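Let me begin by presenting the structure, written as C-alpha cells, before commenting on it.
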Amino acid sequence: MNIMNVDYTTKIPNNVNLSEDRQVLKALEGWHPGYLDWWNDMGPEGFQESLVYLRTAVSVDPKGWAKFDYVKMPEYRWGVLLAPQDEQRLVNFGQHKGDKAWQEVPGEYRAMLRRLVVIQGDTEPASVEQQRHLGKTAPSLYDMRNLFQVNVEEGRHLWAMVYLLQKYFGRDGREEADDLLRRRSGDADAPRMLGAFNEATPDWLSFFMFTFFTDRDGKMQLESLAQSGFDPLSRTCRFMLTEEAHHMFVGETGVSRVLQRTCEAMKATGIEDPNEIEKVRALGVIDLPTMQKKMNLHYSLSLDLFGSEVSTNAANFYNAGLKGRFMETKIDDDHRLTDDHYKVLKMVDGKITLVDEPALTALNMRLRDDYTEDCAKGVERWNKVIEKTGVNFRLELPHTAFHRQIGEFANVHATPKGVLLSDGDWAKAKDDYLPSAADGDFISSLMTPVNEPGKFANWISPPKMGIDNKPGDFEYVKIEAA
Ligand SMILES: [Fe+2]
Ligand SMILES: [Fe+2]
C-alpha cells in the first residue's frame, strides 16, 4: 500500500496497514464503541446531528491531505495517520545518539515512554470536553465550524495516542486507552492529568485564547516528541503537527478579529482612551484591558504545562532519546548536553534571579523559553492589528512569575511586570490582572449565537477569507440537518 494515502475501506481509516495487523485492529475495534459513547456524551452539545463542513485527511502528503465535505460529527472518519517512515532515521540526541531509530519500544524505557504517550493523550479529549458548550453561543457559522474542526481533530489525536498504546504496550496500553475515556475535564474524582485541561472554557474569547496559548503548548510538546528516537511516536507527532497549525490559526485570527472590531468601534465613536472601559463596553465590544487580562490568564496557565523548571524527569527523557528539544536537529551542539548549562529563572533569597543550571535538568525551562518566544511573535502580530487602527494600546505577555501554580513561582505572588507582592496586596490587585467575575459576566452577556450564514456577532470582525476559499455567506454548518 502507498503509505501517503489513507485506507478508507476499513472501519478505522489508517495508513499503517491495520487490515494486516489483526491483533491491533481488534483492540482498536474493541475501543471504538467506548470512544463513540464518549464523543456522544462529551463532544459538542446540541450539534451531533448537524452537518458540518469539515476537512478529513485523505493523504499524509502535506501538499494534498485535506478533503472538505459535510459530515455529521459522530460519523467523522477518525483514523490512525502517521507521517511516512524514513528508513535512515537515527536517534538524534541523548546517550543513544547515532543508533538506528527504534521501531519497537526499548524494554528499559517502556514505563517512561508509556507515561509520555498517556500525558499527551490525556490532553486531547480534555479540550473537547472543555469546549463542548461553545457551539450554542457561536458568533457565526464560520466560527462554529472551526470549533468543530478543532474538536474532531483533537478526537483524532486521541486515536493517534491510543494506537501507540495498543500497538506497543500490550495489556497496560489497553488499560491506559480505556482510562483516557474515563477521566473527565474538571471532574472531582477523575480529573484530567494537567491543570489547564481542568479549567473551564466559558466563552469564545477563552476558546480563542486557549487555541492560541494552550494549543501552542501542544505544538511545543509535539515538536519535542517528534524528535523521539522511538520512531512510531515521532511519525505520529509529525502528522499531528500539521493539524495543530490550524488550531493555532483559529486562536490567533480569532483574537485578531476581536481586537480589530474593538478598535474600529472605538475609532468610529471617537473614544481615544482604551481605559474608558464602560464607554467601550457600551458599544457591545470587548475592551482592550480585558483582552490583556484574558491573555494573562491563559498564558500563565499554559506556562504551568511545561512542568518544573528544573526536572530530572526531563533529563531522563532526553538522555534516553525519548523526548528532544524544539528543533533538536537544527541546534549546533553535541546533542548530549552532559557538560552544558542553561540559565533558569528561580527564587533565590526571596528574589527572582537567573541561575546557571545543568542543561539536562533545565530542559523544561528551555522548551518553555522557546514557547514564550513563539507566543511573543504572535502577540506582536496582534499589536500590529491594533496599531493599524490608530488606537494607542499594546498587549504584553506577563512575567514568568505571574500567577503560577507549578514550579519556582508557585508559592509567590507577582504582578504581570514581575514585581513580588504580599498575599494581601495580591488579593487587592488580582482583579486588575486577571479576569474578574464582573469581566466574565460582561463577556458572557455578549455571547449570543449568530447562526445566519455570512453574519457575525457585533463583538468580532468577519475573517479575511473563508475556509476552503468559500464565499462569505457560505453555510458552514447546517444546524437542522435531519
Ligand atoms: Fe491535539
Ligand atoms: Fe490542538
Side-chain angles (χ1 to χ4, degrees), residues 35 38-39 42-44 54-57 60 65-66 73 76-83 116-132 134 143-165 176-177 180-181 183-185 192-199 201 204 206-226 228 232-255 298-299 301-302 305-306 323 326 367 371 374-375 378 467:
Y35 172 81
W38 167 80
W39 180 270
M42 298 310 292
L54 293 176
R55 68 174 186 185
T56 309
V60 291
W65 70 262
M73 284 183 279
Y76 187 76
R77 300 302 307 273
W78 286 286
V80 178
L81 312 171
L82 272 63
L116 282 172
V117 172
V118 168
I119 291 177
Q120 181 61 41
D122 192 67
T123 65
E124 313 291 357
S127 62
V128 177
E129 294 163 4
Q130 288 168 295
Q131 295 159 14
R132 66 187 299 255
L134 293 176
D143 290 289
M144 186 191 282
R145 177 261 164 217
N146 284 348
L147 165 71
F148 294 157
Q149 183 70 57
V150 170
N151 292 159
V152 294
E153 285 177 351
E154 300 303 4
R156 206 203 65 73
H157 292 176
L158 173 60
W159 274 90
M161 292 298 122
V162 163
Y163 168 72
L164 293 179
L165 287 169
E176 295 283 13
L180 287 169
L181 294 177
R183 287 185 288 271
R184 293 281 186 273
S185 177
R192 292 293 171 185
M193 298 169 85
L194 302 173
F197 292 90
N198 287 304
E199 297 281 332
T201 308
W204 275 79
S206 304
F207 170 65
F208 293 139
M209 290 288 181
F210 186 98
T211 40
F212 181 89
F213 287 109
T214 306
D215 282 75
R216 190 174 307 273
D217 157 73
K219 165 184 152 180
M220 300 310 286
Q221 302 301 336
L222 292 176
E223 287 276 6
S224 51
L225 293 173
S228 185
L233 176 59
S234 165
R235 292 170 55 204
T236 306
C237 291
R238 273 182 275 151
F239 186 71
M240 288 163 76
L241 280 164
T242 62
E243 297 168 309
E244 210 57 66
H246 174 69
H247 306 180
M248 281 174 293
F249 160 85
V250 170
E252 178 164 339
T253 55
V255 172
H298 286 272
Y299 175 69
L301 287 171
S302 300
L305 293 170
F306 290 84
K323 183 178 178 185
F326 182 54
L367 188 63
Y371 167 79
D374 208 41
C375 288
I467 292 293

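Counting convention: from 1, in listed order, for ligands and their atoms alike. Note that these values count all heavy atoms, side chains included, but never hydrogens, waters or copies made by symmetry. The structure displayed is predicted, hence computed values, not measured ones.
Note: F249 and H246 have parallel aromatic rings, judged against thresholds of 30 and 60 degrees for the angle between ring planes. The aromatic rings of Y371 and F306 sit tilted, their planes meeting at an angle between 30° and 60°.
Partners of D143 by salt bridge (charged side-chain N to carboxylate O under 4.0 Å, His left out), not counting sequence neighbours, listed by chain and number: R257.
Between the side chains of W78 and Y35, at least one donor N or O sits under 3.5 Å from an acceptor N or O. Judged by distance alone, the side chains of S302 and T214 do bring a donor and an acceptor atom under 3.5 Å apart. Using modelled atom types, one finds no donor on one side chain facing an acceptor on the other under 3.5 Å when comparing W159 with E124.
Protein N/O/S atoms found under 2.8 Å from the Fe ion (ligand 1), listed by chain and residue number: E124 OE1, E154 OE1, H157 ND1.
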